[in-house]
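Below is one structure, written out as structure tokens; the observations come after it.
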Amino acid sequence: MAKKSRTKSATLGVSKFGVVDFIIYLVLGLIGLCMVLPFLYVVAGSFATEKELTERAFFIIPTVWSLNAYQYAINTAHILRGLRNSICLTILGTVTCMLFSMTFAYPLSKQHFRGRNWIMNMVIFTMLFSGGLIPTYLVVTSYGLRDSWWALILIGAISPFNMVIIKNFFQGLPVELDEASYMDGANDLQIFWKVALPLSKPVIASISLFYGVGFWNDYFNAMIYLESSEKFPIQIMLRSIILQSSTIADTVTDYDINGAPPDKAVKMACTVIATVPILIVYPFVQKYFTQGVMVGAVKG
């Protein structure tokens, strides 16, 4: 009887576990659809005509395929130049921010570093309070950085949140590695370069993605500090395209006869142009992403 009871309990446990798994996967699947379907609609709408966007509330495959929105976006502004500027700015900014963040976080992760608690308190203070837009603008102007990409990079060269994650990751590395390296005659710089960095691929990949997405999506700082159109990133150019198409669409109602830009389709095309490049990068760092963030968040 006891054996049958244990067998029955185990069967019920497996059955309940299967039901729980099904509910979890169902909820996650619904959440995934809620996130994917709007993006698919935006992609489909960017290839649709303005008439179809007006008449159909939602669709995944357009009835009539059209490249008018992309042609208008490309012909109206220098999209390729904006993409080039954004790619260069993102790469340069990400490398610079990672260099400052890594070299700042590594000493703070060492228990024997004098003043580390005082410095960490100062870092936390900057997470709660900032100088504000006007003082920052005055500092950038006084250093002659206005109308330069360095104005966009240096004002946020170290993100306190990202730096703390990197510091906690370094702090979670085995202390024995440092002791063995010291015994072999290595100094702190050699340990950082040859021991710590090779073990930090997960946190490097995840934090680089954070910085890269921030630089790619940033338009406010570029709008404030940049003056030359040759230096504008893609976000500023897409913003101007959307504003221009909206202004023209307000005065013209017959899109087919008058040849006015398809307002809704242009907005969707600009969204696709601004989103797809950064999505292409994500699969290459996805395997490191979760590991790097979680380890850096819970250790130390």
Side-chain angles (χ1 to χ4, degrees), residues 35 85-111 113 116-117 119-131 136 149-175 177-178 181 188-222 233-235 274-300:
M35 296 180 179
N85 291 342
S86 289
I87 292 173
C88 294
L89 177 62
T90 301
I91 294 175
L92 180 61
T94 302
V95 172
T96 302
C97 291
M98 287 301 298
L99 176 63
F100 281 108
S101 299
M102 299 284 287
T103 53
F104 189 23
Y106 182 73
L108 294 179
S109 66
K110 303 304 176 184
Q111 297 290 338
F113 181 70
R116 62 190 295 269
N117 293 330
I119 296 176
M120 278 303 304
N121 291 333
M122 295 298 294
V123 171
I124 295 174
F125 180 84
T126 62
M127 297 176 65
L128 303 176
F129 304 96
S130 62
T136 303
W149 284 351
W150 291 111
L152 312 181
I153 296 173
L154 295 181
I155 59 176
I158 297 179
S159 170
F161 177 79
N162 293 338
M163 192 279 295
V164 170
I165 293 180
I166 298 173
K167 169 210 171 263
N168 290 339
F169 184 90
F170 282 141
Q171 200 166 316
L173 296 177
V175 182
L177 294 175
D178 293 348
S181 301
D188 291 326
L189 183 59
Q190 291 173 330
I191 296 174
F192 170 72
W193 183 257
K194 296 183 179 180
V195 178
L197 285 185
L199 297 175
S200 305
K201 291 181 180 179
V203 74
I204 290 175
S206 56
I207 301 302
S208 295
L209 183 62
F210 285 164
Y211 278 125
V213 171
F215 280 110
W216 183 267
N217 292 332
D218 182 34
Y219 77 93
F220 183 77
N221 289 330
I234 187 66
Q235 305 297 340
T275 305
V276 169
I278 204 68
L279 290 180
I280 296 175
V281 179
Y282 182 77
F284 296 98
V285 298
Q286 190 267 343
K287 62 179 180 180
Y288 299 112
F289 185 76
T290 304
Q291 181 183 356
V293 174
M294 293 304 296
V295 172
V298 300
K299 292 280 183 155

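For Phe170, the ring-ring contact (aromatic ring centres under 6.0 Å, His included) test picks out Tyr106, with sequence neighbours left out. Residues passing the side-chain contact (heavy atoms from CB on, under 4.5 Å) test with Val175 are Glu179, sequence neighbours excluded. Residues passing the side-chain contact (heavy atoms from CB on, under 4.5 Å) test with Ala222 are Leu152, Leu226, Pro233, Ile236, sequence neighbours excluded. Every residue was checked against the salt bridge (Lys or Arg N to Asp or Glu O under 4.0 Å) condition with Lys194, not counting sequence neighbours, and none meets it. For Pro174, the side-chain contact (heavy atoms from CB on, under 4.5 Å) partners are Glu176, Leu177, not counting sequence neighbours. Among residues two or more places apart in sequence or in another chain, the side-chain contact (heavy atoms from CB on, under 4.5 Å) test is passed with Val281 by none. Residues satisfying the side-chain hydrogen bond (donor to acceptor under 3.5 Å, both in side chains) criterion with Asp188, sequence neighbours excluded, are Tyr182. Legend: residues meeting salt bridge (Lys or Arg N to Asp or Glu O under 4.0 Å) with Asp218, ordered by chain and number and at least two apart, are absent.
Identified under the salt bridge (Lys or Arg N to Asp or Glu O under 4.0 Å) test for residues 86-110, with sequence neighbours left out: Lys110-Asp178. Identified under the salt bridge (Lys or Arg N to Asp or Glu O under 4.0 Å) test for residues 99-108, with sequence neighbours left out: none.
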For residues 96-104, dump all side-chain donor-acceptor pairs below 3.5 Å to protein atoms at least two apart in sequence or in another chain.
{"residue": "Thr96", "atom": "OG1", "partner": "Leu92", "partner atom": "O", "Å": "2.8"}
{"residue": "Ser101", "atom": "OG", "partner": "Cys97", "partner atom": "O", "Å": "2.8"}
{"residue": "Ser101", "atom": "OG", "partner": "Tyr211", "partner atom": "OH", "Å": "2.7"}
{"residue": "Thr103", "atom": "OG1", "partner": "Leu99", "partner atom": "O", "Å": "2.7"}
{"residue": "Thr103", "atom": "OG1", "partner": "Phe100", "partner atom": "O", "Å": "3.2"}

Let me have the donor-acceptor pairs involving side chains of residues 122-129, under 3.5 Å, with sequence neighbours excluded, atom names and distances please.
{"residue": "Thr126", "atom": "OG1", "partner": "Val123", "partner atom": "O", "Å": "2.5"}

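A distance of 6.0 Å separates CD in Gln235 from OG in Ser86, rounded to the nearest 0.5 Å. Distance CG/Asn217 to CD1/Ile234: 12.0 Å, rounded to 0.5 Å. With values rounded to the nearest 0.5 angstrom, Lys167 atom NZ is found 4.0 Å from Gln171 atom CD. The distance from atom CD1 of Ile204 to atom CG of Leu199, rounded to the nearest 0.5 Å, is 9.5 Å.
Under a 3.5 Å cut-off, the side chain of Trp216 and the backbone N or O of Ala274 do form a donor-acceptor pair.
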### Task
Show your working on side chain to side chain contact (heavy atoms under 4.5 Å, CB included) between Trp149 and Cys88 and close with a plain yes or no.
CA-CA 10 Å; Trp149 284 351; Cys88 294; 3.8 Å; yes
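At least one side-chain heavy atom of Phe161 sits less than 4.5 Å from a side-chain heavy atom of Ile165. In this structure, the side chains of Ile191 and Val195 come closer than 4.5 Å at one or more pairs of heavy atoms. Looking at Ser200 and Val203, their side chains come closer than 4.5 Å, going by heavy atoms from C-beta outward. By the 4.5 Å heavy-atom criterion applied to side chains, Ile119 and Leu108 are counted as neighbours.
Scanning both residues, Ile166 and Ala105, for their nearest heavy atoms gives CG2-CB, 3.7 Å.
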